[in-house]
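Here is the naming used below: chain letters follow the sequence lines, and residue numbers restart at 1 for every chain.
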Protein chains: 2
Amino acid sequence: MSVPVPPWQQRAARERPVKRPLSLELIVRTALELLDTEGLDAVSMRKVAQRLGTGAASLYAHVRNKDELHELMLDLVIGEIEVPDPDPANWRQQIKDLVNRQVEVFSAHPGIAQVVLRTPAPTGSNALTVTEAMLSILRAAGLPDREVAFAVDAIALFATAAAMELSADFGLGDEQRAERIRQVEQYFAALPADRFPTLVSMVPVLSQGDYRERFEFGLDLLLDGVTARSR
Amino acid sequence: MSVPVPPWQQRAARERPVKRPLSLELIVRTALELLDTEGLDAVSMRKVAQRLGTGAASLYAHVRNKDELHELMLDLVIGEIEVPDPDPANWRQQIKDLVNRQVEVFSAHPGIAQVVLRTPAPTGSNALTVTEAMLSILRAAGLPDREVAFAVDAIALFATAAAMELSADFGLGDEQRAERIRQVEQYFAALPADRFPTLVSMVPVLSQGDYRERFEFGLDLLLDGVTARSR
DNA sequence: ACCTGAACACCGTTCAAGT
DNA sequence: ACCTGAACACCGTTCAAGT
C-alpha cells in the first residue's frame, strides 16, 4: 500500500532537476521541441540528450539511430493532420483540404518535410492513416485503381516538396525574406535581354503570388489532370 | 621564351603527386566526383580538400562555405541538361523531354536534388538558361503569363522532388531494392483490413510501375491541367 | 534491461602565420 | 592573394562498465 511521502523527500524531489525517466515517447517529443525551436539540423542525438539531462549514448537504448528518431518524429507530426471521412461527392475539395492541412502541419515543424523525401516510404501508423484517406477519397474521382495510386503518389510528392521549399527559409525574418525577393527581382531585371528574353519580360509576374497561391495553383493543375481522366 | 625542361626536373615532376594548383573550377569538379562516387553526405570540405592533397582551410580562399560549394556543384550539373529551341507547336512534348532530361541528369548525380530544395532560388547561369527555356516553351501553351510562371514553378518542383526520391536509395543494390519492395508489399497486405480497407484492397496496384512510369503520370497530370487552361 | 562516460572517427569554420 | 596547420566547437556511434 502507498504511504505519504515525508516532507524532506518531497523537497529533495522538487529541488532535483525535472528528470523524468527516459522513454521512447519522451525522447521523440523532446526532439520535436528542438525541431520547432531550432530546426532539423539542431536535432542531434547529443542535443536531444542534453535536453533530457543525459548523454547521447543513453538514447540508443530506445532508438536504433538518428534516422529512426527522425522518422518517429515525422510520424508524430503526421499524426497532427486531421483526416476527414470520405464524401464521394466532394472528393476534390476533400483532397485539397487534406493536402493543405498537410502542408500547414509540415510548415509548423520546419525541416520535417526533408525526412519524408529521405525515407523510402513512410510506414508509420499515422502515415498509413493519411495514405488510406487520400486513396479512399481519390477513388471517388472514378479513375482506375492503378491511376488512383499513381495520382496519390504525385499529389503527396508535390505537397511534400512544397512544404520543404516553404520551410527552406526558416530562421529568416519577414523583412529579410522581402529584401531577398526584391534583390532577386532586381537581378532578373538586369539580366541580358538577348540571352534571357522571356525571363526578363516576365519579371513583373515572376514574384507575384505567395507560396500559398503558387501551391494552390499547382495542386489545381494536378486535380484538373485527375478530372480529365475521370469516368 | 621557353626552354626545354631538363630531364631531372621532368622526373621530379612526375614523381610528385599530381597536384594542380587550386582553382574554383578544380574544387567544384573534384566535389562532383566525390558526389558521384560516394553521395552528397561525403562531399565535406575536408574530403574534397583531401582529394586535392590539401587541407579544408585552403578551400575557403575560393568558396565562401559548404553551401556555396553545393550550389556551384548544382549549377555545373544543371549545365548538363540539354535545352531545345522552342517549337510552339510541340510545347507539350518539349516540356516533357526537358523535364525528363532534368530528372535523368539529377539522378546521375545522386543527392544533388536536395540542394535545389534547400537553395532559395537557383540563380546560377545554367539554372537561368533552363528556366528561360521552360518559360518560353510553356508560353506557347497560351496561358496568361502569370499562370505560365506558376506552372513552371509547379513542374520544376515536382521534377526536383521526383529526382530526390529517385536518388534516396542511392547505395542500395538492385536485389536489395526489390527485396524491400517485396517486404513493404507484404507488410501492407497484412495490415488490418478494417482500419485500412482501401490500402489493403489496393495492394496489388500500389507497387505497380517503376519510378519512371509514376513520374511520367504525374507530369501528365500537370500538363493536362495546363492544357485545360489553354487558350 | 537500461543507463553512463569515455573514446573513436569524423564534421565546418576561423585564425594567425607563412609565402 | 593564396595557402597552411592547428585549434575550436561540434557531430554519430560504439563499447566496456555499471545498476
Side-chain angles (χ1 to χ4, degrees), chain A residues 12-13 16-35 37-74 111-112 114-115 118-120 168 170-171, chain B residues 12-13 16-35 37-74 111-112 114-115 118-120 168 170-171:
Chain A
R16 210 180 300 150
V18 203
K19 172 148 183 198
R20 289 159 291 182
L22 279 187
S23 74
L24 184 57
E25 208 204 318
L26 184 59
I27 290 170
V28 179
R29 292 210 174 278
T30 306
L32 212 49
E33 276 175 37
L34 209 47
L35 176 75
T37 54
E38 301 183 41
L40 188 65
D41 288 344
V43 183
S44 64
M45 299 301 276
R46 289 172 122 103
K47 285 219 188 97
V48 172
Q50 200 185 16
R51 283 215 170 199
L52 290 163
T54 181
S58 302
L59 307 184
Y60 286 85
H62 301 88
V63 142
R64 217 187 310 275
N65 53 35
K66 199 177 97 165
D67 282 352
E68 190 176 282
L69 177 56
H70 283 176
E71 282 162 36
L72 290 166
M73 292 164 66
L74 171 61
I112 199 69
Q114 269 184 65
V115 180
R118 259 197 255 119
T119 306
F170 175 65
Chain B
R16 210 180 300 148
V18 205
K19 170 146 184 198
R20 289 159 292 181
L22 278 188
S23 75
L24 184 56
E25 208 204 319
L26 184 60
I27 291 171
V28 179
R29 292 210 175 280
T30 306
L32 212 49
E33 277 174 36
L34 209 47
L35 176 75
T37 54
E38 301 182 42
L40 188 65
D41 288 343
V43 183
S44 65
M45 300 301 274
R46 290 173 121 104
K47 285 218 186 99
V48 172
Q50 200 186 17
R51 283 215 168 198
L52 291 163
T54 181
S58 302
L59 307 184
Y60 286 85
H62 301 87
V63 141
R64 216 186 311 273
N65 54 33
K66 198 177 98 166
D67 281 351
E68 190 176 282
L69 176 56
H70 283 175
E71 282 163 36
L72 290 166
M73 292 164 65
L74 171 62
I112 199 68
Q114 268 184 65
V115 179
R118 260 196 256 119
T119 306
F170 175 66

Visitor: Give a yes or no answer on whether the side chain of A/S58 reaches the backbone of A/T54 with a donor-acceptor pair at less than 3.5 Å.
Guide: no
Visitor: Output the rounded distance in Å from CG (A/D67) to P (D/dC11).
Guide: 16 Å
Visitor: Does C/dC11 have its OP1 or OP2 closer than 4.0 Å to a side-chain nitrogen or oxygen of B/K47?
Guide: yes
Visitor: Quick one: A/E68 CD to D/dT13 P, roughly how many Å, whole number?
Guide: 11 Å
Visitor: Would you mind reading off the distance between B/Y60 atom OH and D/dA7 atom C1', rounded to a whole angstrom?
Guide: 14 Å
Visitor: Between B/S58 and A/A42, which is nearer to the 5' end of DNA chain D once each is assigned its nearest nucleotide?
Guide: B/S58
Visitor: Taking the side chain as every heavy atom from C-beta outward, state whether B/L24 and B/V28 have any pair of such atoms under 4.5 Å apart.
Guide: yes
Visitor: From CD of A/Q50 over to C1' of C/dC3, roughly how many Å is that when rounded to an integer?
Guide: 18 Å
Visitor: Can you measure B/M45 atom CE to C/dC10 atom P for me and round it to whole angstrom units?
Guide: 18 Å
Visitor: Verify the distance criterion only: is there a donor paired with an acceptor across the side chains of B/R118 and B/Q114 at less than 3.5 Å?
Guide: yes
Visitor: For C/dC8 and D/dC10, measure between their C1' atoms and round to the nearest Å.
Guide: 15 Å
Visitor: Base, sugar-phosphate, or nothing for B/S44, non-hydrogen atoms under 4.0 angstrom?
Guide: sugar-phosphate
Visitor: So, is B/H62 near the phosphate of D/dA1, with a side-chain N or O under 4.0 Å from OP1 or OP2?
Guide: no
Visitor: Could you please name the partner base of C/dA6, counting Watson-Crick and G-U wobble pairs only when both distances are under 3.5 Å?
Guide: D/dT14
Visitor: Look at the side chain of B/A56 and decide which nucleotide, out of C/dT4, D/dT4, C/dT13, has an atom nearest to it.
Guide: C/dT13
Visitor: Rounded to the nearest Å, what distance is computed from the CD1 atom of residue B/I27 to the C1' atom of nucleotide D/dC3?
Guide: 11 Å
Visitor: Would the number of heavy atoms belonging to other residues, nucleotides or ligands and lying under 6.0 Å from CZ of B/R51 be above 12?
Guide: yes
Visitor: Without decimals, in angstroms, what is the distance between A/L22 CG and C/dT4 P?
Guide: 6 Å
Visitor: Does any nucleotide pair with C/dA1 by Watson-Crick or G-U wobble geometry, both distances under 3.5 Å, and what is it?
Guide: D/dT19
Visitor: Spell out, as yes or no, whether a donor-acceptor pair under 3.5 Å connects the side chain of A/E68 to the backbone of A/R64.
Guide: yes
Visitor: Nearest heavy atom decides the nucleotide; on that basis, is A/A61 or A/R46 closer to the 5' end of DNA chain C?
Guide: A/A61
Visitor: Rounded to whole angstroms, how far apart are CG on A/L69 and P on D/dG12?
Guide: 10 Å
